[in-house]
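This report concerns only the one structure given below.
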Amino acid sequence: MADRKQTVKLIANNKKAYFDYFIEEKYEAGIELFGTEVKSLRMGKCSLKESFIRIERGEVFVYGMHISPYEKGNIFNKDPLRARRLLMHKREIMKLSGELAQKGYTLVPLSIYFKGSLVKVEIGLAKGKKLYDKRESLAKKDQRREAEKEFKIRNLS
């Protein structure tokens with residue numbers, strides 16, 4: 001059973017995090033969910049846009065992650081924006097809290113996905129970008145887009 005390759009199915013991606021932050025390290029964490037939330041995630045109804053992560057009392061929580069209520073969930077549906085606990089090893093949490101004590105570091109969720117039948121969240125230890133860094137990112141993106149367009153035109157001729 002352990003030798004089978006687990007399939008990874010992406011549910012949601014946080015593109016804004018890559019634009020607003022330099023991602024130093026990435027970690028994988030489980031997430032504590034209720035049944036109707038998992039069903040909603042299977043339908044791809046999740047947003048990480050305004051979400052952030054905090055460490056409180058030795059536990060990791062994600063705030064602002066919007067999981068739409070399940071249509072057939074009626075009374076079992078939970079608040080779509082409730083704080084959800086992330087499941088990580090104690091030593092990882094201690095390491096992260098030590099890194100967060102340094103000036104300028106923060107934790108952001110990068111993506112949420114299914115790994116086999118489990119829901120996982122990829123979180124990043126990030127340092128905020130300044131305005132000029134964001135402009136630089138946009139310029140590189142534009143250059144890459146132009147180069148791809150030019151390459152495409154050359155190959156068609």
Practice problem: Report the C-alpha separation of L118 and I31 in whole Å, then their side-chain angles, then the decisive distance to 0.1 Å, and conclude whether the side chain to side chain contact (heavy atoms under 4.5 Å, CB included) test is met. | Solution: CA-CA 9 Å; L118 303 174; I31 185 168; over 6 Å; no
Would [X] and [Y] show up in the same hydrophobic cluster when neighbours are defined by side-chain heavy atoms closer than 4.5 Å?
| X | Y | value |
| --- | --- | --- |
| V38 | L86 | yes |
| L96 | V108 | no |
| L100 | Y27 | yes |
| I123 | I55 | yes |

Which atoms form the tightest heavy-atom contact between [X] and [Y], and what is the distance?
| X | Y | value |
| --- | --- | --- |
| P109 | A17 | O-CB, 4.4 Å |
| I93 | G58 | CD1-O, 3.7 Å |
| E99 | Y105 | O-CD1, 3.5 Å |

Between [Y] and [X], is there a side-chain heavy-atom distance shorter than 4.5 Å?
| X | Y | answer |
| --- | --- | --- |
| E25 | K95 | yes |
| F61 | R84 | no |
| L107 | V62 | no |
| K127 | Y21 | no |
| Q143 | E146 | no |

Quiz item: Is the side chain of R54 donor-acceptor paired with the backbone N or O of Y63 at a distance under 3.5 Å, no angle test?
Solution: no
Self-check item: Polar side-chain atom of N14 near backbone of S111 as donor-acceptor pair, under 3.5 Å
Solution: no
Quiz item: Should the heavy atoms of other residues, nucleotides or ligands under 6.0 Å from CE of M43 be counted, would the total exceed 12?
Solution: yes
If you round to the nearest 0.5 Å, how far is [atom2] of [Y] from [atom1] of [X]?
| X | Y | atom1 | atom2 | answer |
| --- | --- | --- | --- | --- |
| K26 | E122 | NZ | CD | 5.0 Å |
| K9 | L41 | NZ | CG | 9.5 Å |
| E24 | T106 | CD | OG1 | 12.0 Å |
| I53 | M65 | CD1 | CE | 7.5 Å |
| S47 | I11 | OG | CD1 | 12.5 Å |
| C46 | H66 | SG | NE2 | 9.0 Å |

Self-check item: Basic-acidic side-chain contact under 4.0 Å: R85, E56
Solution: no
Self-check item: Test applied, side-chain contact (heavy atoms from CB on, under 4.5 Å); reference residue, V121; option that passes from L48, I112, L110
Solution: I112
Quiz prompt | Chi angles and distances behind the side chain to side chain contact (heavy atoms under 4.5 Å, CB included) call for K115, E28 | solution = CA-CA 11 Å; K115 189 173 186 180; E28 183 181 70; 3.4 Å; yes
Self-check item: Cationic tip of R42 above F114 ring, under 6.0 Å, 45° of axis
Solution: yes
Self-check item: K120 charged N/C atom sitting above Y113 aromatic ring, 6.0 Å / 45°
Solution: no
